[in-house]
Amino acid sequence: MSHSLSREPLSGADWFAVEYDPATDEVVMLDQRLLPAEVKYHRYRTPDEVAGAIRDMVVRGAPAIGIAAGYGLALLSRHEDSDAKMFLVANGTAGRILNETRPTAVNLGWAIARMSRKAGKVAELPPHDRFEGMLAEAEAIHREDVEACRRMGELGAADVPEGAMILTHCNAGALATGGYGTALGVVRAAHAQGKGVRVLADETRPYLQGARLTAWELHQDGIPVEVITDNMSGHFFQKGEIQFVVVGSDRIAANSDVANKIGTYSVAVLANHHEVPFTVAAPWSTVDLRVSSGADIPIEERSRSEVAHIGNRTLVEDGIPCRHPAFDITPAKLVDAIYTERGVVHPKIGERPDVLRG
Ligand code: MRU
């Protein structure tokens, strides 16, 4: 389980999705494709390698891929000793490659834009100072994400009933963020407050983030969790066993529509039918006020093979097409609350995230 990082992880736990190792100038990532069978960390030295790791889902989850991209651009400046103009060109090219890896999660573009602004400020400095500035910015993105998770966790936990069974979908935990988690940050905070919560984790076909990742990380922290297949949640709503739903998000539109892992919309419909609060926890970097509604959020299409196979096993005969949208849109009218580090938005009663605009 050892990550052999040369310093304490910024994640605040002894395991993490993504960190920077200043001793070797490498980005270190836990290979989430292998969990829970194997806990293995990989090391990356170039922005192209980091882009490959994001594309291949070594690291996933909207905030975590933004942090990875930030560190990727810090790596670029570590190895780039050209003049200011060439540095900015190289930074722009690497940023575009990173940004194309996953289209739905806006945290990626947000982090790249922030690193580009920093690049503009440090471009004229000597290469080493330039690198220090870029690394400090990437670390700030990482630290702020962990702080944001803790803050939204506190805000969300206040709404969680004592002894609640909490349903979550996909993985919006420490593995999907700088540490602590968004939706699982709410769970962790409620657990820390002694509310005696339990978690029902949707397995989250086809990539199984719920079964493989959410269950693993809650188990690490001793938080009670049970895994269900995605088609079981209706049954548990009907039996009155679920008191609260919290999920993460990849992008929140100006009208409070929420993009999240495919299957989230179905959960929201069920929660609303059964009058169970359906809530979302996400950092402000997930809010995209440039996008007026969910209809304008690009939905990533992933490969047929992720639907047609589980591991080496073929589920769908070769030649039969499959569909694989990786995300869906939950309309604002189904969302009771969005917890951010800036405060809470209540979309169902018509609130929009711009009420929290700084
Ligand atoms: O395809 P993934 O695993 O990157 O999708 C992740 C999700 O949909 C998460 O719920 C979302 O990114 C929020 S993570 C805090």
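Heads up: numbering here begins at 1 and tracks the sequence. We count ligands from 1, going down the list as the structure has it; atoms in each ligand are counted the same way.
- No side-chain N or O of Ser293 forms a donor-acceptor pair with one of Asn255 less than 3.5 Å apart.
- Applying the under-4.5 Å side-chain rule to Ile, Leu, Val, Met, Phe, Trp and Tyr, the cluster around Leu315 extends to Ile310, Val316, Ile320.
- Between the side chains of Asn107 and Ser285, at least one donor N or O lies within less than 3.5 Å of an accepting N or O.
- Near Lys261, meaning under 4.0 Å from any of its heavy atoms, are these atoms of ligand 1: 1 (O), 2 (P), 5 (O), 8 (O).
- The shortest N/O to N/O separation between Gly61 and ligand 1 falls below 3.5 Å.
- If you check which protein heavy atom lies closest to atom 9 (C) of ligand 1, you get Asn260 OD1, 3.4 Å.
- Which parts of ligand 1 touch Met57 is read off a 4.0 Å heavy-atom cut-off, strictly below it: atoms 1 (O).
- Looking only at atom types and distance, the side chain of Ser249 has no donor-acceptor partner in the side chain of Asn260 under 3.5 Å away.
- Within the structure, the closest approach of Ala326 to ligand 1 does not fall below 4.0 Å when heavy atoms are considered.
- Listed by number with element, the atoms of ligand 1 under 4.0 Å from a non-hydrogen atom of Ala172 are 14 (S), 15 (C).
- Heavy-atom minimum distance, Tyr180 versus Thr177: N-OG1, 4.2 Å.
- In this pair, Tyr71 and His142 present their aromatic rings perpendicular. The plane angle is above 60°, beyond the 30 to 60° band.
- Using a 4.0 Å cutoff on heavy atoms, Tyr207 does not count as a contact of ligand 1.
- Considering backbone and side-chain N/O of Arg60, one or more are found under 3.5 Å from N/O of ligand 1.
- In terms of protein heavy-atom proximity, atom 15 (C) of ligand 1 is nearest to Thr182 OG1, 3.1 Å.
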